[in-house]
Amino acid sequence: MATMTTALPNLQQISLHDLRLPRYKYSDGDDPDEQLVADTANFISLDIQMLSNFGKLKILEVKCMEMNGRCPFLFNCPLLHKAI
């Protein structure tokens, strides 16, 4: 996703879906469930905090994603915040 923020700085819409891939997970957020952290400790974490780099993001679609903890950085996009 780091490459995308450089190549597509004006991206306005992103959809996030369940990975359905074994051994992958989205990064744990703030105050995560410790049991789930332990159960998925060997999984490869995918950093979704990069989403806050898309300053012109207007639409964030989240479907069937399992995330562990709070992720306040998802609301750091000024245009997305106005739509809420």
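- At a threshold of 4.5 Å between non-hydrogen side-chain atoms, the residues Asn42 and Arg23 count as touching.
- Distance check: Lys58 NZ to Gln12 CD gives 4.5 Å after rounding to the nearest 0.5 Å.
- By the side chain to side chain contact (heavy atoms under 4.5 Å, CB included) test, Leu36 pairs with Asp33, Thr40, Asn68, sequence neighbours left out.
- Residues satisfying the side chain to side chain donor-acceptor pair (under 3.5 Å) test with Glu34, not counting sequence neighbours, are none.
- In this view, Asp39 and Gln35 satisfy the side chain to side chain donor-acceptor pair (under 3.5 Å) rule, not counting sequence neighbours.
- Separation of atoms CD (Gln13) and CD (Glu61) is listed at 6.5 Å; rounding is to 0.5 Å.
- Side-chain contact between Ile59 and Ile14: absent, with no pair of heavy atoms (C-beta onward) separated by less than 4.5 Å.
- For the residue pair Phe43 and Tyr24, the shortest heavy atom distance occurs at CD2-O, 3.7 Å.
- By the side chain to side chain donor-acceptor pair (under 3.5 Å) test, Asp31 is found to be paired with Arg70, residues two or more places apart in sequence or in another chain being considered.
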